[in-house]
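Comments concern the structure below.
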Amino acid sequence: MPLVPMRQILDEAAIGGYGVGAFNINNMEQIQAIMQAAQETKSPVIMQVSRGALKYANRLYLRRLVDAAVELNPDIPIALHLDHGNSFETCKDAIELGFTSVMMDGSLDEDGKTPNSYEKNVDVTRRVVEIAHPAGVTVEGELGCLGGIEDGHGAGIAVDDTEHLTDPDQAGDFVEKTGIDALAVAIGTSHGAYKSLRKDPKSGKMLPPALAMETIHAIHEKMPNCHMVMHGSSSVPKELVDLINQYGGDMPGTYGIPVDQIQDGIKHGVRKVNVDTDMRLAMTGAIRKYMNENPAKFDPRDYLVPARAAAAEMYKARMIAFGQAGHASDYAPKTLDDLKTLYGEPATA
Ligand code: G3H
Ligand code: 13P
Ligand code: ZN
């Protein structure tokens, strides 16, 4: 089957009441690990490519690697999504390259750092929808700004900032004016491995980041058909960080999003769950361990095999926890052409 429009994967997730992990890819091993996990759990797949990934790997290498995944896994619906597109042109380029979904992150200016005005966000997101939907391509928009910073992307907002969270009262207006298919919400999550500054005053132990789950609940109440997206949703498992630190790493003070909070989001309309950092931790831990235990080895395949296996284990755990496991063959996959008909209808909030 060809690449599937992400909108269908999200629509089906809403029908089934589950979430779908959106996993960042930069190389062959990550794609193979995602597909292994998807095969073993029979899960639909969303792979996403950031601007950093496009720069690192070259767009054509990534596109062709994803083609290979599609050809080798005809029984698994796969969507290819642009993560954090920073401009109309970046999104247009991805659509021309055959991505079946794009994120127009109009919450920030083109520099990927300065928060945008609401009007500018609406304008650029709407313009992307205007070229994407006639091509059958899904669009994700973002309202509010995430904390943290990743590879130069992000406003550098403190992870405990509450000023830039999504306003549930504005969300309906944003979805209606832009016509987007999925809404990324800022509820206090941030990119990377350091998502919390909170400590228990008595014990000094770190506490999970304070998430505005009530924002998700309120948006779901107002717009039960709106597919929400949770960025910054790595759980940063302690055992993966411990493994890195055990073998020469130096990552003190990490903290992630507990899986049960993501599951609460999924119960209330979150359909796409973005996870990148957990893969980085899994691969790095496995490579550090292998290098440490096998100092004479120097063939990259030797350490990439355990790194790929560790990533696959992590993906499997997320696919099961988000509920997408077992749903790969629930539906007949649609094409971008099929979606063009859907978008012929007026957008509904
Ligand atoms: O947006 C955040 C993702 O983790 C992608 O990160 O820009 O370093 O590829 P990146
Ligand atoms: P993490 O850094 O929590 O994995 O988030 C990834 C993400 O949101 C990609 O858009
Ligand atoms: Zn993100």
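Because the structure is predicted, anything quoted here is derived from the model rather than measured. Just follow the structure's listing: the first ligand is 1, and inside any ligand the first atom is 1.
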For ligand 2, which atoms, with element, lie under 4.0 Å from some heavy atom of K195? 1 (P), 2 (O), 3 (O)
Does only the side chain of N24 get under 4.0 Å from ligand 1, or the backbone, or both, or neither? Count heavy atoms. side chain
List, by chain and then residue number, the residues other than M206 in its hydrophobic cluster (Ile/Leu/Val/Met/Phe/Trp/Tyr, side-chain heavy atoms under 4.5 Å); write none if there are no others. Y255
Do T284 and L281 have side chains that get closer than 4.5 Å, going by heavy atoms? no
Quick one: which ligand 2 atoms are inside 4.0 Å of a heavy atom on V275? 4 (O)
Within a distance under 4.0 Å of any heavy atom of H84, pick out the atoms of ligand 2 and give their elements. 10 (O)
Heavy-atom proximity to atom 5 (O) of ligand 2, best of S234, G192, A22, G232: G232
Under 6.0 Å between ring centres, would you say that holds for H81 and F99? no
Counting from 1 in the order shown, the ligand 2 atoms closer than 4.0 Å to a non-hydrogen atom of H231 are 8 (O), 10 (O)
For the Zn ion (ligand 3), how many protein N, O or S atoms lie at less than 2.8 Å? 3
Is it the case that ligand 2 has an N or O less than 3.5 angstrom from some N or O of N24? no
Q48, K272, H84 screened by side-chain hydrogen bond (donor to acceptor under 3.5 Å, both in side chains) with E140, the one that passes: K272
If you measure only the distance, is there a donor-acceptor pair under 3.5 Å linking the side chains of Q36 and E40? yes
Report the part of D83 (side chain from C-beta onward, or backbone N, CA, C, O) that has a heavy atom under 4.0 Å from ligand 1; answer both or neither where that applies. side chain
Min heavy-atom dist R280 to ligand 1 below 4.0 Å: yes
Quick check, are the ring centers of H220 and H227 under 6.0 angstrom apart? no
Electrostatic pair R126-D123, nearest N-O below 4.0 angstrom: no
Min heavy-atom dist M103 to ligand 2 below 4.0 Å: no
